[in-house]
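See below for the structure under consideration.
In this chain, numbering begins with 1 at the start of the sequence shown.
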Amino acid sequence: MSSHPVAETVASLMPRAKAELTELVAFKSVADFDQFPRSESEAAASWITAALRAEGFEDVAVLETPDGTQSVYGRLAGPEGARTVLLYAHYDVQPPLDEAGWTTPPFELTEREGRWYGRGTADCKGGFVMHLLALRALKANGGVPVHVKVIVEGSEEQGTGGLERYAEQHPELLAADAIVIGDSGNFRVGLPTATSTLRGMTMLRVKIDTLEGNLHSGQFGGAAPDALGALIRVLDSLRAEDGSTTVDGLTGDERWQGLQYDEEQFRLDAKVLDGVGLIGSGTVADRIWARPAVTVLGIDCPPVVGATPSVQASARALISLRVPPGMDAAEATKLLQAHLEAHTPWGARVSTEQIGQGQPFSADTTSPAYAAMAEAMAVAYPGQEMQYAGQGGSIPLCNTLAALYPAAEILLIGLSEPEAQIHAVNESVSPEELERLSVAEALFLRNYAAG
């Protein structure tokens, strides 16, 4: 770490940051209120509200967004005439999945082998703590040189679009000259990275019906159309022999021009089992950052335990399609729906329902804000030059903000490097990354103010 005064201040603040992140991680703030209590998310929002007020933020408000969740907003005034920077994070988290698979409890921050484990440590409660550290370091070293707005979302992981719709209804609220989305991550620990593209996404439920009710497979099997069998045929049609995504009318030959992802390193990062091949064609970067990718997220059908010898009358699946930059998510949705209908066999009845959508995002990396961030990263990561990478995931708010504020410069940084295992069991954050990125953000704000 640099001996820069800002870096020294951040280093001194790390014990407090760990204590605060421990408190935040303890909230089971999954914005799926069929599975987790709404009170847990509301308590997390209250904690963030108090934290912003304690830092001197004004106009702090809990925003009731149209999807029934809460986002937290605050404004910190800078010098007269200064630029405005919006800092984004989200406090909602993914479900812990299989709690038995966690080495330590998912909602208890636990230090182990130099990392802090717990759901949300990297994605993205740690992102909010990163913003706090950066602002505190600037206050201790001459003051915050820009106007700062902070928005902390409460339902990003659900993709239900509450904050996007709220922002569209209140377009002045989040207006800024530059926007730092603290929900991305370095390509690798210790390699400073700005995420320059995001794939968009669409999610569809597909339902297939063939019979008025289930039938005995001995009496009717062989002639009675099996809805589950039909669904399997449909889902299989979404992939070529090599595993590439095949949706009729959707191109899949785009190339990624930036930082490349070594295939063996990807196998290690993804924890691919020995002897199991990767899917798709082209480079790994082509496949995960520049091309569409379909995933079957879930299937409604009888579980193996307790299954009866029946021909299924109905079956349902949830399908995700990641949409690369340059492709319109709404058009991709229509193509996916048409593909599912066209590939349903035996005249079975098929219906589709869209339950989420976000457009892909591509940043202007030639903007002054990127130069200011690159300079800041070089101090926070001595001897390293900032890299540009894509991210296969989606942050739909990026496109909403880009549409609302076309002149704003949007940067994506964060704590979700491969070892963090976000969305999986044993999610963790590197405290060294939290420290360095907090320094980088603080110095970015200073550089951007002076630019």
Side-chain angles (χ1 to χ4, degrees), residues 14 17-18 20-22 24-30 88-99 101-134 152-153 156-157 180-195 198-199 259 261-262 265-272 284-285 288-289 377 380-381 384 386-387 389-395 411-441:
M14 287 302 291
K18 182 182 181 184
E20 289 175 325
L21 190 53
T22 299
L24 257 182
V25 165
F27 297 112
K28 300 178 176 68
S29 51
V30 179
Y88 167 91
H90 63 85
Y91 69 82
D92 71 304
V93 297
Q94 285 283 337
L97 302 174
D98 175 19
E99 292 205 30
W102 285 75
T103 305
T104 51
F107 295 105
E108 291 180 21
L109 188 144
T110 308
E111 184 166 5
R112 198 166 69 248
E113 297 174 354
R115 295 183 68 93
W116 299 345
Y117 285 80
R119 179 58 92 218
T121 49
D123 184 25
C124 177
K125 292 173 176 179
F128 176 64
V129 172
M130 175 182 74
H131 296 327
L132 291 180
L133 281 168
V152 190
E153 188 174 3
E156 191 274 343
E157 299 291 6
V180 179
I181 306 286
D183 190 25
S184 182
N186 287 342
F187 182 69
R188 186 149 316 291
V189 169
L191 183 64
T193 311
T195 299
L198 298 169
R199 286 193 295 198
L259 184 68
Y261 204 151
D262 177 75
Q265 186 60 54
F266 178 83
R267 291 184 65 90
L268 290 171
D269 291 341
K271 296 180 170 55
V272 180
V284 169
I288 64 173
W289 296 334
M377 289 283 203
Y381 292 83
Q384 296 281 2
M386 187 174 80
Q387 304 292 314
Q391 183 172 299
S394 306
I395 306 175
L411 301 99
L412 294 104
I413 62 171
L415 302 163
S416 299
E417 38 74 28
E419 291 179 47
Q421 295 194 168
I422 65 168
H423 294 206
V425 298
N426 296 312
E427 177 183 345
S428 67
V429 71
S430 160
E432 287 78 16
E433 290 285 77
L434 174 59
E435 184 176 340
R436 286 183 289 221
L437 286 166
S438 300
V439 172
E441 181 168 283

Closest non-hydrogen contact found for Ala285 with Leu259 is CB-O, 4.1 Å
Please confirm whether the backbone N or O of Thr121 pairs with a side-chain atom of Trp116, one donor and one acceptor, at under 3.5 Å? no
Straight-line distance of Ile422 CD1 to Ser428 OG, nearest 0.5 Å: 11.0 Å
Glu419 and Arg188 ion-paired at < 4.0 Å: no
Is it the case that the side chain of Asp183 and the backbone of Leu412 share a donor-acceptor pair, with hydrogens and angles ignored and the cut-off at 3.5 Å? no
Would you say the rings of Phe187 and Tyr261 are close, in the sense that their centroids are separated by under 6.0 Å? yes
Hey, could you give me the CG/OG distance between Leu24 and Ser29, rounded to the nearest 0.5 Å? 7.5 Å
For residues 127-134, please give each side-chain donor-acceptor pair under 3.5 Å, one per line with the distance, not counting sequence neighbours.
| residue | atom | partner | partner atom | Å |
| --- | --- | --- | --- | --- |
| His131 | ND1 | Glu441 | OE1 | 3.1 |
| His131 | ND1 | Glu441 | OE2 | 2.8 |
| His131 | NE2 | Tyr88 | O | 2.8 |

Pair Gln94-Glu157, side chain to side chain donor-acceptor pair (under 3.5 Å): steps then yes or no: CA-CA 6 Å; Gln94 285 283 337; Glu157 299 291 6; 3.1 Å; yes
Quick check: closest heavy atoms across Trp102 and Ala424, and the distance to 0.1 Å? CZ2-O, 3.8 Å
If only side-chain N and O atoms count, and only distance matters, is there a donor-acceptor pair under 3.5 Å linking Tyr117 with Gln421? no
How far apart are the closest heavy atoms of Gly182 and Cys124, and which atoms are they? O-SG, 3.2 Å
Can you confirm whether Val439 sits close enough to Arg436 that some side-chain heavy atom of one is under 4.5 Å from a side-chain heavy atom of the other? no
Donor-acceptor contact below 3.5 Å, side chain Asp98 vs main chain Val425: no
Check the pair His90, Glu156 against side chain to side chain donor-acceptor pair (under 3.5 Å), reporting the backbone distance first and the verdict last. CA-CA 6 Å; His90 63 85; Glu156 191 274 343; 3.3 Å; yes
Can you confirm whether Asp92 sits close enough to Val30 that some side-chain heavy atom of one is under 4.5 Å from a side-chain heavy atom of the other? no
Give a yes or no on whether the backbone of Thr193 and the side-chain of Asn186 come within a donor-acceptor separation of less than 3.5 Å. yes
Does the Arg115 side chain pair with the main chain of Glu427, one donor and one acceptor, at a distance under 3.5 Å? no
Determine, for Lys28 against Glu108, whether the closest basic-nitrogen to carboxylate-oxygen distance falls under 4.0 angstrom. no
Spatial distance of atom CD1 (Ile181) from atom CD1 (Ile395) [nearest 0.5 Å]: 6.5 Å
If we ignore hydrogens and angles and just use 3.5 Å, is the side chain of Arg119 paired with the main-chain N or O of Val93 as donor and acceptor? no
